[in-house]
Amino acid sequence: MADLDDRRIVLGVTGGVAAYKAAELTRLLVKAGAAVDVVMTEAAGHFVAPTTFQALSGRPVASGLWDSGPRGMAHIDLSRGADAVLVAPATADFIAKLAHGFADDLLSTLCLARDCPLLVAPAMNRQMWENPATRRNAAQLGADGIVILGPASGEQACGEVGEGRMLEAAELCEELVAFLQPRILAGRRVLLTAGPTFEALDPVRGITNSSSGRMGFALARACREAGAVVTLVAGPVALPTPRGVVRKDVVSALDMRREVMAAVDGHDIFIGVAAVADYRPVESRPHKIKKGSGNMTLELAANPDILAEVAARPVRPFCVGFAAESQNLDEYAQGKRQAKRLPLVVGNLVQHGLGGETNQVCLYDDHGVHPVPPGDKLSVARAIVTHIAGMLS
Ligand code: CTP
């Protein structure tokens, strides 16, 4: 199932140069399964033609207050039954209108008449964004329960650099998907580990494993979508940080342990997803090891078990472990749960190594084994989060 299946989104486009990004946003929302009704202001039409949005959404585009709908009440008809109205880009002028409740065109009227959540993505020159009038208006939107997404900082169309750029289409799509998830971890603080660790042998070599970090990153995203404050301690991986997640990058198991122990106080949930190396070379050589004539023996020292250490603290968070096994999954997963005194272990069979796009897991708790429907890692992550939230409630 796609993230926005069975959802209807009204996408409002106002007159800023970032309107071109709204075309890509329309495509991404449709790709995610949403029915998208685009409503443009007259000024938006100076930047992108309605035909573009009509082609991308496969639905008629509305803009005039007087020319739309069988009942002539587009401002009501469009918002009823919608899951959200997202205005992207939202100009300073449109934000001012919303703050004051003006309704002099179709988009501002439907925003006023809506019975669903409203999200806005500001896009304007940095001075306009910093102007006290805009700040006042934006604060008013916040007070009115309107969600403000961004703006980002960076290079602007006018050539200046600063805060005011609209978020990228992919970021807005991710924010909207997150907004529509149930807030089942609201008020919780979650700490996770993810990825492999790298145990250096010398400046260019080391011991690691094939963990991609995707499952841990998907879980971090799912926890944040569920309303949690999330910190992610990540081993060496090439993945973008999920939006709204605080990320700390580490290399070795000892680094990971240090970061986790420094952060763990005050967290309600700890999820150890990382494939932490159980051993590290006793000695990491300062210079490249030279080839000898015969075999070579490496001496390895045991790494601390981060999850077991967190779970053994007198005041401990709700601890979740992962068990990736190549055989005897039930036995090993339950064994790890008992040995590390964990309320929950997520187990999966890895026959072809770590790091795929999809996953098939079982959840092990006091009540037994709960298989999760196989799927992409984000949907599996959401199912794990639902189970955790159920255990905590
Ligand atoms: N883990 C950890 N620190 C370690 C080793 C493991 O925090 N040094 C955590 C992992 O993040 C995972 C769980 O413990 O949540 C189980 O890890 P796994 O590598 O599957 O098992 P081990 O306990 O290391 O046992 P074995 O390697 O023998 O299967």
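Every number for a ligand or one of its atoms is a count from 1 in the order of the listing. Only a predicted model underlies this, so the values are computations on that prediction, with no experimental measurement involved.
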Between the side chains of Q334 and D330, is a donor N or O closer than 3.5 angstrom to an acceptor N or O?
no

Nearest to atom 1 (N) of ligand 1, what protein heavy atom do you find, and at what distance?
D305 OD1, 3.8 Å

For atom 7 (O) of ligand 1, what's the nearest protein heavy-atom neighbour? Residue, atom name and distance, please.
L307 N, 2.9 Å

Closest approach of any protein heavy atom to atom 16 (C) of ligand 1, naming residue and atom
F322 O, 2.9 Å

A student checking ligand 1 against D278 at a 4.0 Å heavy-atom cut-off should list atoms 5 (C), 24 (O), 27 (O)

Tested for salt bridge (Lys or Arg N to Asp or Glu O under 4.0 Å) against R243, the lone hit among E171, E168, E174 is E171

We want to know whether D105 and S108 form a side-chain donor-acceptor pair, criterion being a heavy-atom distance below 3.5 angstrom.
yes

Take every heavy atom of P304, measure it against each atom of ligand 1, and state whether any distance is under 4.0 Å.
yes

To check your reading of the model: name the closest protein heavy atom to atom 3 (N) of ligand 1, its residue, and the distance in Å.
I306 N, 3.0 Å

May I ask you to identify the nearest protein heavy atom to atom 4 (C) of ligand 1, giving residue, atom name and distance to one decimal place in Å?
V276 CB, 3.5 Å

Looking at K290 and D202, is there a salt bridge between them, counting it only when a charged N and a carboxylate O are closer than 4.0 Å?
no

At a 4.0 Å cut-off, with the gap strictly under it, does some heavy atom of N303 reach an atom of ligand 1?
no

Geometry only, no angles: is A277 polar-contacting ligand 1 at N/O separations under 3.5 Å?
no

Looking only at side chains, do N137 and T134 share a donor and an acceptor under 3.5 Å apart?
no

Ignoring hydrogens and angles, tell me if any N or O in the side chain of R59 forms a donor-acceptor pair with the backbone of V38 under 3.5 Å.
no

Taking NZ, NE, NH1 and NH2 as the nitrogens, is one of them in R221 or E225 under 4.0 Å from a carboxylate oxygen of the other?
yes

salt_bridge(E24, K21) N-O dist < 4.0 Å:
no

Which residue supplies the protein heavy atom nearest to atom 15 (O) of ligand 1, what is that atom called, and how far is it?
G272 O, 2.5 Å

Heavy atom of A274 under 4.0 Å from ligand 1?
yes

Any protein heavy atom nearer than 4.0 Å to atom 19 (O) of ligand 1:
no

Close approach, K340 and ligand 1, non-hydrogen under 4.0 angstrom
yes

For atom 29 (O) of ligand 1, find the nearest protein heavy atom and state the residue, atom name and distance (0.1 Å precision).
K336 NZ, 2.8 Å

Under 4.0 Å from a heavy atom of G321: give me the atoms of ligand 1 that qualify, with their elements.
15 (O)

With sequence neighbours excluded, tell me which residues meet ring pair (Phe, Tyr, Trp, His ring centres under 6.0 Å) with H370.
H387

Considering only NZ, NE, NH1 and NH2 on the basic side and carboxylate oxygens on the acidic side, decide whether R382 and D3 come within less than 4.0 Å.
yes

